[in-house]
Enquirer: 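A single structure is presented below for examination.
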Amino acid sequence: IVFKEFIKIETEWNSLFERLADENVFGWLFDKENNDGSIIVASGNAMGLGRAYDYNKYLFKTNHRILLISYQGYGKNEGTASLDSLISDIRSFYRFMKDAYKDEPIYFVGISIGAPAGICSVSDEIKFNKIVLESAVNPKTVALTKARQWWPLFPVGYPLALAVSSSVPDELDISDCISKFNNIPILFIHHKKDKLAPYGPAKDLYSIYKGPKLFWEPSTSTSTNYHLNVKHNIKMQNEILIFLTNHK
């Protein structure tokens, strides 16, 4: 890790702009004294760190340090934008936090494509204390799911959807990944009308997971595609904070 810059962002909070030396991937680390561990936040690949900061500001109400991560090939990051690197990016950030803060707990918030990347990063080495998934998309199956919704054009769109699906690495199949562990509390958040990440597969994902879990459906949305719903939902923000800070 190379420390690129150190600035004051808000009262009580410091921001460290980090770069993973080998992979040239930036993240924003907001540190706080007397914290209760760390929250790694992986947003959508096109969201950018600035927008991710704005969207997830409610997390600063906790007593945790917050690490907003990004991916290779996006924003200021070097390298090639690729689904193949998402899991390794998250694992690299996790190892940095583990090395820097030793035995402190690490929580994970995954939004959109950040959800499968986080779930599929879990291994014998990578173990989050709790996970929040908002608008989780399964990149391995979403094209086929959307194609079926376009019936009667499905026979026409199926070959293209199949090609898109086959181009996604098997390691990012969140349905398979989430079946491999059952010891992490997970909070699923998904709007019934989500136009980008279909609701049905999200409920299937919830059913597949055999560990401690909750499923919440936002009743309102300020997003025209119903995909990202937490930013303006104070009630849901508070419930997420309770979930993350409740030590049961």
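In this text the structure is predicted, and so the values were computed from the model without any measurement.
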Enquirer: Which pair of heavy atoms, one from Asn138 and one from Ser175, lies closest together, and at what distance?
Expert: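 What the structure gives for the nearest pair is ND2-OG, 3.3 Å.
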Enquirer: Quick check: does any side chain N or O of Glu104 sit under 3.5 Å from a backbone N or O of Asp36, one acting as donor and the other as acceptor?
Expert: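 Between the backbone of Asp36 and the side chain of Glu104 there is no qualifying donor-acceptor contact (under 3.5 Å).
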Enquirer: Just checking Tyr53 against Phe30, ring centres under 6.0 Å apart?
Expert: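 Tyr53 vs Phe30: aromatic centres under 6.0 Å.
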Enquirer: Have Asp194 and His227 got a donor and an acceptor in their side chains that come within less than 3.5 Å?
Expert: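 Note: Asp194 and His227 side chains meet the donor-acceptor criterion.
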Enquirer: Taking the side chain as every heavy atom from C-beta outward, state whether Ile69 and Asp89 have any pair of such atoms under 4.5 Å apart.
Expert: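 No, their side chains stay 4.5 Å or more apart.
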Enquirer: Is Tyr107 reaching over with its side chain to a backbone N or O of Thr245, donor-acceptor style, under 3.5 angstrom?
Expert: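 Judged by distance alone, no pair lies under 3.5 Å.
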Enquirer: Tell me, do Tyr209 and Ile131 make a side-chain contact under 4.5 Å, heavy atoms counted?
Expert: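 Tyr209 does not reach Ile131 side chain to side chain.
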Enquirer: Passes side chain to side chain contact (heavy atoms under 4.5 Å, CB included), Val230 versus Ile111? Steps please.
Expert: CA-CA 10 Å; Val230 168; Ile111 302 166; over 6 Å; no
Enquirer: Using ring-ring contact (aromatic ring centres under 6.0 Å, His included), reason through Phe128 and Tyr94 one step at a time and then give a plain yes or no.
Expert: CA-CA 9 Å; Phe128 300 107; Tyr94 178 95; 5.4 Å; yes
Enquirer: Which pairs with one or both residues in residues 206-235 pass salt bridge (charged side-chain N to carboxylate O under 4.0 Å, His left out), sequence neighbours excluded?
Expert: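 Of all non-adjacent pairs touching residues 206-235, those that pass salt bridge (charged side-chain N to carboxylate O under 4.0 Å, His left out) are Asp54-Lys231.
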Enquirer: Are Val132 and Ile189 packed together at the side-chain level, in the sense that at least one heavy-atom pair is separated by less than 4.5 angstrom?
Expert: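 Of all side-chain heavy-atom pairs linking Ile189 with Val132, at least one is under 4.5 Å.
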Enquirer: Charged N to carboxylate O under 4.0 angstrom, Arg95 versus Glu125?
Expert: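 Looking at Glu125 together with Arg95, the answer is yes, because their closest N to O distance falls below 4.0 Å.
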Enquirer: Applying side chain to side chain contact (heavy atoms under 4.5 Å, CB included), run through Asn229 and Met236 and close with a yes or a no.
Expert: CA-CA 9 Å; Asn229 305 287; Met236 184 153 291; 5.7 Å; no
Enquirer: Check whether the side chains of Ser38 and Arg65 place a donor and an acceptor atom closer than 3.5 Å, and report yes or no.
Expert: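 There is such a pair between these side chains.
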Enquirer: Just by modelled atom types, is the Ala52 backbone N or O under 3.5 Å from a matching donor or acceptor in the Asn56 side chain?
Expert: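 Between the backbone of Ala52 and the side chain of Asn56 there is a qualifying donor-acceptor contact (under 3.5 Å).
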Enquirer: Look up atom CG in Asn63 and atom CG in Leu241, then write down how far apart they are to the nearest 0.5 Å.
Expert: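 Here the rounded value is 12.0 Å.
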Enquirer: Does a side-chain heavy-atom distance below 4.5 Å link Ile106 with Lys98?
Expert: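 Side chain of Ile106 against side chain of Lys98, heavy atoms only: contact under 4.5 Å found.
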Enquirer: Restricting to non-hydrogen atoms, name the atom on His190 and the atom on Ala202 that form the minimum distance, rounded to 0.1 Å.
Expert: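 Nearest pair, atom of His190 first, then Ala202: ND1-CB, 3.4 Å.
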Enquirer: Hey, could you give me the CD1/CD1 distance between Ile39 and Ile66, rounded to the nearest 0.5 Å?
Expert: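 Going from the CD1 atom of Ile39 to the CD1 atom of Ile66 covers 4.0 Å.
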Enquirer: To the closest 0.5 Å, what do you measure between CG (Leu214) and CZ (Phe188)?
Expert: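 With rounding to 0.5 Å, CG (Leu214) is 9.5 Å from CZ (Phe188).
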Enquirer: Check Ala136 against Ala115 and note the closest heavy-atom contact, atom names and distance.
Expert: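 Taking Ala136 first and Ala115 second, the nearest heavy atoms are CB-CB, 3.6 Å.
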Enquirer: Holding to side-chain hydrogen bond (donor to acceptor under 3.5 Å, both in side chains), I want the full list of residues that pass it with Asp204, two or more places apart in sequence or in another chain.
Expert: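 Per chain and number, Asp204 pairs via side-chain hydrogen bond (donor to acceptor under 3.5 Å, both in side chains) with no residue.
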Enquirer: Would you say the side chain of Asp31 lies within less than 4.5 Å of the side chain of Tyr101, judging by non-hydrogen atoms?
Expert: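 Result yes, sub-4.5 Å side-chain heavy-atom pair found.
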Enquirer: Tyr58 and Ile240: side chain to side chain contact (heavy atoms under 4.5 Å, CB included), yes or no, with the steps?
Expert: CA-CA 10 Å; Tyr58 72 95; Ile240 293 172; 3.5 Å; yes
Enquirer: Atom OH in Tyr71, atom CD1 in Ile87: separation rounded to 0.5 Å?
Expert: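 Spacing of OH (Tyr71) from CD1 (Ile87) equals 11.0 Å.
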Enquirer: Can you give me the closest heavy-atom contact between Ile119 and Cys177, atom names plus distance?
Expert: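 Closest approach of Ile119 to Cys177, heavy atoms only: CG2-CB, 3.8 Å.
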Enquirer: Do Pro185 and Lys130 come within less than 4.5 Å of each other through their side chains, counting heavy atoms only?
Expert: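 Side-chain contact under 4.5 Å: yes.
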Enquirer: Does a side-chain heavy-atom distance below 4.5 Å link Ser43 with Arg51?
Expert: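 The answer is no; the side chains never approach within 4.5 Å.
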Enquirer: To check you understand the geometry: which heavy-atom pair defines the closest contact between Ser112 and Pro116, and what is its length?
Expert: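 In this case the closest contact between Ser112 and Pro116 is O-CD, 3.1 Å.
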Enquirer: Should Phe108 and Ile184 count as side-chain neighbours, where that means a heavy-atom distance under 4.5 Å?
Expert: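 No, too far: nothing below the 4.5 Å cut-off.
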Enquirer: For the OH atom of Tyr206 and the CG atom of Leu133, what is their distance to the nearest 0.5 Å?
Expert: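 Result: 12.5 Å between the selected atoms.
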Enquirer: Please find the pair of heavy atoms, one from Gly27 and one from Leu49, that lie closest to each other, and give the distance.
Expert: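 Minimum heavy-atom contact is CA-CD1, 4.3 Å.
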Enquirer: Check whether His64 reaches the backbone of Leu59 with its side chain - one donor and one acceptor, N or O, closer than 3.5 Å.
Expert: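 Absent.
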Enquirer: Would you compute the distance between atom OH of Tyr199 and atom NE2 of His191 and round it to the nearest 0.5 angstrom?
Expert: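 With rounding to 0.5 Å, OH (Tyr199) is 10.5 Å from NE2 (His191).
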